[in-house]
Amino acid sequence: MTPAPAGGARDGSAVAASARELLAAMMLEPAGRVSPSVYETGRVVADAPWLTGHDRRLRYLLDTQRADGGWGGAGGYAVVPTVSAVEALLGTLRGAPAAAPTGLGAAASRGLGVLAEWLGRGTSLPDTPAADLIVPALVERIDDHLAFFAAQGDRRFADGLRALPRVDRRRLDAVHALVGSGRPVPQKLVHAFEVLGPVARRHRGVVPVAGAVGASPAATAAWIGDPATPGADPEALAYLRAAVGLLDGPVPCCTPITVFERAWALSGLARAGVPVRPAPKLIAELSAALGPQGVPTGPGLPADADTTSVTLYTLARLGHPVDPASLLHFDLGTHFCTWQGEDGRSVTTNAHVLEALGWHARHTAAGASRYGARAAALAGWLGDEQQPDGSWADRWHASAYYATSCVVAALDRYAPAGIGGSAVDRAIDWLVATQRADGAWGRWAGTMEETAYALHVLLGVRRPVRPGVPEAIGRGLRHLSEVDDQHVDPPLWHDKDLYAPVLIVRAAVLAARQLAMTRSDLVNNPDRSLLPSRTAVS
């Protein structure tokens, strides 16, 4: 690993240059840059073996299998990608054994073994979208494959493993009953429409948007079915071909993420004071994406309060404010839902809503009367959601450092006087207490992303400095300066599988560097040699 050269951000020019490169990358790659998903790739392998790049997707599954036989992240995060990969490999061996790459059977067998162990001991699933539908749907298909191989006298997968342990499929059965009743398909289900299997094919209750079913390659592949069947949607086929081209075979869980990527990256840079001047075309496209009901993360998804609020806040910070009335569609009285019919609640969604409403309440006379009281109440709700240790946790990211950074940024800037201050102080104390010995922060291991979020809080809040903060900042900056600029952190964001929105994460690191430049009073390093150097976007 080559350490990043030190001292390159002395006057902020390196941060500004990297920000310009990031903006250029967003314009050149409008679909967004997202890490590949084992889960989603497995579903495309299973449901679209006819699609260009099938061999590369199989190779990706083989190459990403862990030493223990599973796939994906730590703990329960491994179940969804592993059940998808195992089913895809078994289906390939069943349907086209002659074309299967070497090692496919051994990989499937190892995956079956660890999956049986996890399900047998009741490994809990994290709160990722549709996990309670995905696992029972794919366990059923795996059991069907195992029965087929047993009937053929093929003992490769039968020794010591008759069938996977039973899993709760009541939610899946309810979804099948709803869809089979002829009632409208809930829009939030469409992103995981592949869980319905053959029922999903050309279902009349689903209409692709810009060719995409729920902004998901897996859902789109399941909906298309056999492209040789008369009536195949050419726009959906084009969407799927474009999706597999993004990563040369493997696919992300959600694509395109145009508005999501641009809003998160630009708001993060603006919040930290990075001097960014997006092209007028980019601003116009962000503005045009906002409708009366808000804006969705991707085509075919429902509008959501998270993407809507961050888009509104971004436009406001860039000098193009739009009245945030669309957010009121998500107001539940106590807090805001991410979308209508959401199971659970999200503190980061509500933190972003507070920023959007709070900005208008602070900067416009109409906003003060319309949104001031609601913003104050929401700040109180966010304070009540704080964990006993001082952190916040959320359903859209695996790390409490992300959630804590989002909530602290909102409370510190937009909570009324007397609300949120003590909560921010407790969060700062938690950050100081949980810093790793090498100066990094992270849930499972130190990462640049989580270290950046911690630095956003320690460098960004406007409160009296807490004990240990300057020292923690110095150690954190030292860690960032010692990490190779090309280092890639493990994915931490929640979709059906964990993923990384690459440019959003890079914007977060740039924001931390900018804050280090502007808060020289807190940077415990007079010669500034600990400031991380420029990070290339390409």
Novice: When you measure from the side chain of Gln340 to the backbone N and O of His329, does any donor-acceptor pair fall under 3.5 Å?
Specialist: yes
Novice: Could you check whether any side-chain N or O of His191 sits under 3.5 Å from a backbone N or O of Val213, counting only pairs where one atom can act as donor and the other as acceptor?
Specialist: no
Novice: With heavy-atom distances below 4.5 Å as the criterion, would you say the side chains of Leu301 and Cys254 are in contact?
Specialist: yes
Novice: Check whether any side-chain heavy atom of Trp392 sits under 4.5 Å from a side-chain heavy atom of Gln387, and report yes or no.
Specialist: no
Novice: Search all heavy atoms of Ser326 against all heavy atoms of Gly294 and return the closest pair with its distance.
Specialist: CB-N, 3.8 Å
Novice: Please identify each residue that fulfils side chain to side chain donor-acceptor pair (under 3.5 Å) with Arg463, with sequence neighbours left out.
Specialist: Asp425
Novice: Look at the side chain of Thr220 and the backbone N and O of Ser216, then say whether any donor-acceptor pair between them is shorter than 3.5 Å.
Specialist: yes
Novice: Quick check against the 3.5 Å criterion: does Arg519 have a side-chain atom that pairs as donor or acceptor with the backbone of Leu459?
Specialist: yes
Novice: Rounded to the nearest 0.5 Å, what's the gap from CD1 on Ile473 to CG on Leu431? Could you check?
Specialist: 10.5 Å
Novice: Rounded to the nearest 0.5 Å, what separation is found between the CD atom of Glu342 and the CG atom of Leu332?
Specialist: 8.5 Å
Novice: Apply side chain to side chain contact (heavy atoms under 4.5 Å, CB included) to Leu480 and Thr451, showing your working.
Specialist: CA-CA 8 Å; Leu480 288 186; Thr451 300; 4.0 Å; yes
Novice: How are the rings of Trp493 and Phe260 set to each other: parallel, tilted or perpendicular (split at 30° and 60°)?
Specialist: perpendicular
Novice: Between Leu510 and Val15, which heavy-atom pair has the shortest distance, and what is it?
Specialist: O-CG1, 4.0 Å
Novice: Under the side chain to side chain donor-acceptor pair (under 3.5 Å) criterion, do Asp394 and Ser346 qualify, and how do the steps go?
Specialist: CA-CA 6 Å; Asp394 193 57; Ser346 165; 2.9 Å; yes
Novice: Heavy atoms, side chains only, cut-off 4.5 Å: are Pro217 and Thr255 in contact?
Specialist: yes
Novice: What verdict does the side chain to side chain contact (heavy atoms under 4.5 Å, CB included) test give for Leu515 and Leu455, after you've listed the backbone C-alpha separation in whole Å, the side-chain angles of each residue and the deciding distance to 0.1 Å?
Specialist: CA-CA 8 Å; Leu515 288 169; Leu455 290 171; over 6 Å; no
Novice: Do Val465 and Pro470 come close enough that some side-chain heavy atom pair is under 4.5 Å?
Specialist: yes
Novice: Using a 3.5 Å distance criterion without hydrogens, assess whether the side chain of Thr258 forms a donor-acceptor pair with backbone atoms of Pro30.
Specialist: yes
Novice: Taking Gly341's backbone N and O only, do any of them form a donor-acceptor pair with Lys188's side chain (distance below 3.5 Å, no angle check)?
Specialist: yes
Novice: Going by atom types only, do Ser309 and Glu355 share a side-chain donor-acceptor pair under 3.5 Å?
Specialist: no
Novice: Is the distance between the ring centroids of Trp71 and Tyr77 less than 6.0 Å?
Specialist: no
Novice: Can Asp323 and Arg370 be counted as an ion pair, charged N to O under 4.0 angstrom?
Specialist: yes
Novice: Quick one: closest heavy-atom pair of Pro129 and Trp396, and the distance?
Specialist: CG-CZ3, 3.8 Å
Novice: Parallel under 30°, tilted from 30 to 60°, perpendicular over 60°: which one fits the rings of His363 and Trp359?
Specialist: parallel
Novice: Kindly indicate whether the side chain of Asp497, heavy atoms from C-beta on, has any atom under 4.5 Å from the side chain of Glu40.
Specialist: no
Novice: I need the Phe330 CZ to Phe336 CZ distance, nearest 0.5 Å.
Specialist: 10.0 Å
Novice: Taking atom CG of Leu318 and atom CZ of Arg277, what is their separation to the nearest 0.5 Å?
Specialist: 11.5 Å
Novice: With the side chain counted from C-beta on, respond yes when Leu286 and Thr314 share a heavy-atom pair under 4.5 Å apart, and no when they do not.
Specialist: yes
Novice: Which pair of heavy atoms, one from Val259 and one from Ala289, lies closest together, and at what distance?
Specialist: CG2-CB, 3.7 Å
Novice: Does atom CZ of Arg317 have more than 12 heavy-atom neighbours, drawn from other residues, nucleotides or ligands, at distances under 6.0 Å?
Specialist: yes
Novice: Using salt bridge (charged side-chain N to carboxylate O under 4.0 Å, His left out), reason through Asp438 and Arg436 one step at a time and then give a plain yes or no.
Specialist: CA-CA 5 Å; Asp438 64 357; Arg436 293 172 175 270; 6.0 Å; no
Novice: Angle class for the His352/Trp264 ring planes (parallel below 30°, perpendicular above 60°, tilted otherwise)?
Specialist: perpendicular
Novice: Within the 3.5 Å criterion, strictly below it, is a donor on Thr349 or Thr338 matched to an acceptor on the partner's side chain?
Specialist: yes
Novice: Angle between ring planes, His397 versus Tyr402, binned at 30° and 60°: parallel, tilted or perpendicular?
Specialist: parallel
Novice: Can any side-chain N or O of Arg475 pair as donor or acceptor with the backbone N or O of Ala440 at less than 3.5 Å?
Specialist: no
Novice: So how far is it from Leu354 CG to Trp381 CH2, rounded to the nearest 0.5 Å?
Specialist: 11.0 Å
Novice: Verify, without hydrogens or angle tests, whether Arg395 (side chain) and Asp343 (backbone) share a donor-acceptor contact under 3.5 angstrom.
Specialist: yes
Novice: Tell me whether Arg462 contacts the main-chain N or O of Asp412 through its side chain, where contact means a donor paired with an acceptor under 3.5 Å.
Specialist: yes
Novice: Once you round to the nearest 0.5 Å, how far does SG of Cys253 lie from OH of Tyr39?
Specialist: 7.5 Å
Novice: Closest approach of Leu411 and Ala379, non-hydrogen atoms and distance?
Specialist: CD2-O, 3.7 Å
Novice: Write down the atom of Pro278, the atom of Leu266, and the distance for their closest heavy-atom approach.
Specialist: CG-CD2, 3.9 Å
Novice: Hey, is the main chain of Gly73 close enough, under 3.5 Å, to the side chain of Arg66 for a donor-acceptor pair?
Specialist: yes
Novice: Using the side chain to side chain contact (heavy atoms under 4.5 Å, CB included) rule, take Met26 and Leu503 through it: C-alpha gap first, then chi angles, then the decisive distance, then the call.
Specialist: CA-CA 8 Å; Met26 287 194 296; Leu503 298 187; 3.7 Å; yes
Novice: Under the side chain to side chain contact (heavy atoms under 4.5 Å, CB included) criterion, do Lys496 and Arg43 qualify, and how do the steps go?
Specialist: CA-CA 11 Å; Lys496 291 176 278 187; Arg43 295 305 83 223; over 6 Å; no
Novice: Does any part of the side chain of Val347, heavy atoms only, come nearer than 4.5 Å to the side chain of Cys406, both counted from C-beta?
Specialist: no
Novice: So Ser35 and Pro491, do their side chains get closer than 4.5 Å, heavy atoms only?
Specialist: yes
Novice: Out of Thr308, Asp495, Thr307, which residue meets the side-chain hydrogen bond (donor to acceptor under 3.5 Å, both in side chains) rule with Thr297?
Specialist: Thr307
